[in-house]
Structure formats: structure tokens, C-alpha cells
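These numbers come from a predicted model, not from an experiment. Starting from 1, each residue takes its place in the sequence as its number. The basis for the numbers below is simple: all heavy atoms, side chains too, and nothing from hydrogens, waters or symmetry mates. Whatever order the structure lists them in is the order used to number ligands and atoms, beginning at 1.
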Amino acid sequence: MKKNNIFISKLTNKQPTKDITADDIKYKLKKVTSKKNLISVKVSKDIIFSKKNIPIIAGPNGVESRKLIFTVAKYLKKQGVKILRGHAYKPLTFPYRSKQYNETMGQGMDWLDEVKRHVGMKIVTEVTEIQYLDRINLTADILQIGSRNMQNLELLKEVAKIQKPIILKRHFGASLRDLLGAAEHILVEGNKNIILCERGISTPHTHRETSRFILDIQAIPALKELINFPVISDPSHATFWAPWVAPLAYSSIAAGCDGLIIEMHPNPPKSAVDPLQPLNFAQFKEFIQKSKKFAKILNRNII
Ligand code: PEP
Ligand code: MN
């Protein structure tokens, strides 16, 4: 009985969101985040992740084909979206790479380059390995570290050295402390252009019919309490299910996210990977219109 009491009193003296101690963030993270305001991450003159803006990053899962990426980019441009996502190099849960997944690699990067110049979009794409970094860097405006590579420290180091904005996705099994530790690896290379991304975590109730991951909405205010890098949300990869993407995007805005990643595709059932999760064009249009209203309530702009 006595032991129990001691245990409980220890627990109740702790603040519940704090698996990160002041000690953990006493190095560069502390220096950078001790300034009061959100750190603005500038992609271009008119695309800044800031206290005011909530940039939308949208596009298909993989670049798939020249036609697909042009069709999507032109549509997004009309909707006012400025940042296109699409991966030419793809991490896959199972190792069987085949044409079915359309990992278009160098050719996909060339299509992204064309789209960037002809349609006028900024490009986010994933760096899976150091060997692809030079090619990706020629085209990408924001380099994405995928959740599976969150603690690939050599990769983080090389990507950080480029000094471009980095989207660092939280691994689905990683604590916030692990995520901030990974961010610190970017910071020590002198790169402060860090955008943290919550994309869903595994829990005992996930990986079933009901949901693949659970979007950890709470991570958004929790991270923002500790650091002042932009924190964005990716409800597409969390839910794996298109009908839930918009509601969780709106919830993310309410929770204070500083940007959103939304997967979309002109014909979702035909998407080479994860065909259940992209929004179609009509769904995307509705999402943009409604998210502007939600953002306005909080005095923020969807860009
Ligand atoms: C993606 O953005 O396409 C992706 C693979 O995301 P994650 O690393 O979060 O699974
Ligand atoms: Mn994906």
C-alpha cells in the first residue's frame, strides 16, 4: 500500500505531456526555440510557413506518369495551391518493387522538373537514400524525410547540409522526444528550415479494418508547446481512407497545425499505391473551400 502511494505521488507530480525534459532540449533546439515566435520557414517569396499561413501541400502519392503529374499540377494551380507533392523514389512497406508501384526515379524527377517550370509549382519529394540526393536536389524545393527514415541519421545529416527546407515526418512508433532528437540532428548541421510532420501513429487498435494509423492530433499542440518550428499534419497517411481525410484536416487546423499534406489523384482507385486514401478533384475542391473557413476563424490563411 505504501509503495503504491509513493508511485502515484511520483506520477502526479509530472505534467502529462512531458516525456521531454528541459535537459533534452538544452542544446541547439533550445537556442533556436527560445525565441518567442514561430520560426518562419521560407520556400519562396510568397510561400512561407508562418504564424499566419497554412500552406497546403497536395498531390499524388507517386509521380506515376508525366500525364498524371501535369493533370494534377494544373488542377491544383487553379485551386490556388502552390506546393505539389509526389514521390519518384518511394519507400514501400514490402520489398517487392515492380512496375505496379510506378517508382519512376530519375524519369519521375524529370517530370517534376518540367511541371515545376511549366505550371509553376514548388515541389516536395521524398529522399529515400543518400545516393539519390543530388538528383532530387536539382528539382525539389522542400526535401521530405519519410516516417520510415526519421532516425536514419546519416541521411538526415546529408539532407540537412543542403540547407533547404526539410519536412521531417514522425515515425509511427516514435515519441515526440525521438522526433525532436531527429530534428536536433538537422539543426547541428546549421539548418533551421525544419517542418515537423505528424502523420499518424500505431496503437493497439490500428492496422485493422477500422484504421491503419491514428492521427495524433494532440502531438500538434504538444510539439508547439516545446518548440517553435512549424508543425504540419498529414491526415492522408494517418487515416488511409479518403472520407476521413477532410475531417481530420479541419481538426488539425483547429489544433494549430501550420500546414497540411493532402494526397489527391484524378482517379483514386487507379492510384498505383494506397488507392483508398487520395481525394478526388471534387473532394479536394470542397476540402479547400471549407478549410479556408476553418482557418479564418483562427485568423490564419490557407495558401
Ligand atoms: C508519403 O508521404 O508518401 C509517405 C510515404 O509518408 P510516410 O513516410 O508518412 O508514410
Ligand atoms: Mn504515400
Q: Between Lys90 and Glu126, is there a side-chain N and carboxylate O pair less than 4.0 Å apart?
A: no
Q: Tell me whether Asp258 is salt-bridged to Lys224, with the criterion being a basic N under 4.0 Å from an acidic carboxylate O.
A: yes
Q: Quick check on the hydrophobic clustering: are Ile166 and Ile48 connected, directly or via other members, by side-chain heavy-atom contacts under 4.5 Å?
A: no
Q: Just jot down the ligand 1 atoms closer than 4.0 angstrom to any heavy atom of Arg199, in number order.
A: 7 (P), 9 (O), 10 (O)
Q: Examine Asp234 against ligand 1 and note whether any of their N/O atoms are separated by less than 3.5 Å.
A: no
Q: Does ligand 1 come near enough to Ser147 that some N or O of the ligand is less than 3.5 Å from an N or O of the residue?
A: yes
Q: Which atoms of ligand 1 are found less than 4.0 Å from any heavy atom of His87?
A: 1 (C), 2 (O), 3 (O)
Q: Is a salt bridge present between Arg170 and Asp178, judged by a nitrogen-to-oxygen distance below 4.0 Å?
A: no
Q: Under a 4.0 angstrom heavy-atom cut-off, which atoms of ligand 1 come close to Gly146?
A: 8 (O)
Q: Assess whether a salt bridge exists between Asp234 and Lys169, defined as any Lys/Arg side-chain N lying under 4.0 Å from an Asp/Glu carboxylate O.
A: yes
Q: Taking 4.0 angstrom as the limit and counting only heavy atoms of Arg85, give me the atoms of ligand 1 inside it, by number and element.
A: 1 (C), 2 (O), 3 (O)
